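What follows is a single structure, written as structure tokens, with notes after it.
Count residues from 1 along the sequence. As the structure is a prediction and not an experimental result, all values here were calculated from the model.
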Amino acid sequence: QVQLVESGGGLVQPGGSLRLSCVASGRIRIIDAMGWYRQAPEKQRELVAAIDIGGNTNYVDSVKGRFTISRDNAKNAVYLQMNNLKPEDSAIYYCNADRVIQWGMNSARNYWGQGTQVTVSS
């Protein structure tokens, strides 16, 4: 079984920064894409940023220029550096690993972390 564990959330003032980390554990052979989603109260979960195994990235328009996603394939980890945070960035942030293939298996699966709260408030 694959598990994703997030860390780095918290309370920060507007204009501040946070760095989210997510590490995937298990008998992982390859993870094609990793990403961060967020869900605010009474809103749908949305993709914030994603990065594929080749390092190609994409971002939701509202975070472009402020957030940076990166990954360490050797550690099966993905990071989200969030700068110039705004109150509207407040949400639970979820790590996602897509098209994960484990050793001894041929099929790919999608996995989610448990979420970490980010609150931007003065």
Side-chain angles (χ1 to χ4, degrees):
Q1 184 70 357
V2 173
Q3 290 188 324
L4 304 182
V5 178
E6 301 123 328
S7 60
L11 172 64
V12 64
Q13 292 186 342
S17 298
L18 284 174
R19 185 174 187 254
L20 304 183
S21 299
C22 171
V23 179
S25 62
R27 300 181 70 250
I28 298 170
R29 181 159 63 95
I30 189 171
I31 302 176
D32 189 8
M34 302 188 80
W36 291 93
Y37 289 71
R38 66 186 179 189
Q39 187 166 20
E42 301 182 0
K43 291 189 176 181
Q44 288 189 331
R45 188 174 297 190
E46 67 170 351
L47 174 65
V48 177
I51 183 168
D52 67 19
I53 197 168
N56 300 301
T57 60
N58 67 284
Y59 299 89
V60 66
D61 285 347
S62 60
V63 308
K64 287 180 180 177
R66 299 188 297 122
F67 291 11
T68 302
I69 190 170
S70 60
R71 66 185 283 178
D72 184 333
N73 293 329
K75 296 180 179 179
N76 292 321
V78 63
Y79 310 97
L80 186 68
Q81 178 66 43
M82 305 185 293
N83 297 328
N84 190 21
L85 282 159
K86 303 176 180 180
E88 52 263 41
D89 294 317
S90 297
I92 298 175
Y93 283 69
Y94 296 91
C95 176
N96 178 266
D98 194 24
R99 298 185 294 280
V100 180
I101 300 177
Q102 293 181 264
W103 290 104
M105 299 181 68
N106 294 322
S107 60
R109 292 186 61 182
N110 182 283
Y111 295 90
W112 290 92
Q114 80 286 355
T116 185
Q117 178 72 48
V118 171
T119 302
V120 185
S121 175
S122 55

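- With a 4.5 Å cut-off between side-chain heavy atoms of Ile, Leu, Val, Met, Phe, Trp and Tyr, the cluster of W103 takes in none.
- Applying the ring-ring contact (aromatic ring centres under 6.0 Å, His included) definition to pairs two or more places apart or across chains, none involves residues 48-81.
- Separating the CG atom in D89 from the CG atom in N84 is a distance of 8.5 Å, to the nearest 0.5 Å.
- Residue R19 holds its CZ atom at 11.0 Å from CG of N83, rounded to the nearest 0.5 Å.
- For residues 30-94, there are no disulfide (SG to SG under 2.5 Å) pairs, not counting sequence neighbours.
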Determine whether M105 and R29 satisfy the following criterion, side-chain contact (heavy atoms from CB on, under 4.5 Å), listing intermediate values before the conclusion.
CA-CA 9 Å; M105 299 181 68; R29 181 159 63 95; over 6 Å; no
After noting the C-alpha distance and the side-chain angles of V118 and M82, does the key distance pass the side-chain contact (heavy atoms from CB on, under 4.5 Å) rule?
CA-CA 10 Å; V118 171; M82 305 185 293; 3.9 Å; yes
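- Annotation: the span from Q1 atom CD to R27 atom CZ amounts to 12.5 Å, rounded to 0.5 Å.
- Interatomic distance, OG of S90 versus CG of L11, reported as 8.5 Å (0.5 Å rounding).
- Side-chain contacts under 4.5 Å among hydrophobic residues (ILVMFWY), followed directly or transitively, place L47 together with Y37, I92, Y94, W112.
- Here R109 contributes atom CZ and R99 contributes atom CZ; the two are 15.0 Å apart, rounded to the nearest 0.5 Å.
- Residue E46 places its CD atom among more than 12 non-hydrogen atoms of other residues, nucleotides or ligands, all under 6.0 Å distant.
- The other residues sharing a hydrophobic cluster with I101 are I30, I53, where clustering joins ILVMFWY side chains under 4.5 Å apart.
- Every side chain to side chain donor-acceptor pair (under 3.5 Å) that R71 has, sequence neighbours left out, goes to N73.
- Screening L20, V78, V5 for a side-chain contact (heavy atoms from CB on, under 4.5 Å) involving C95 leaves a single residue, V78.
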Working for side-chain hydrogen bond (donor to acceptor under 3.5 Å, both in side chains), residues Q44 and Q39:
CA-CA 6 Å; Q44 288 189 331; Q39 187 166 20; over 6 Å; no
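- At distances below 3.5 Å, not a single donor-acceptor pair connects side-chain atoms of Q81 with backbone N or O atoms of T68.
- Atom CD of residue Q117 and atom CZ of residue R38 lie 12.0 Å apart, to the nearest 0.5 angstrom.
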After noting the C-alpha distance and the side-chain angles of L4 and V23, does the key distance pass the side-chain contact (heavy atoms from CB on, under 4.5 Å) rule?
CA-CA 6 Å; L4 304 182; V23 179; over 6 Å; no
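- Judged by distance alone, the side chain of N96 and the main-chain N or O of Y111 form a donor-acceptor pair under 3.5 Å.
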Chi angles and distances behind the side-chain contact (heavy atoms from CB on, under 4.5 Å) call for Q102, V2
CA-CA 8 Å; Q102 293 181 264; V2 173; 3.6 Å; yes
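- Nearest heavy-atom pair across S122 and P14 is N-CD, 3.7 Å.
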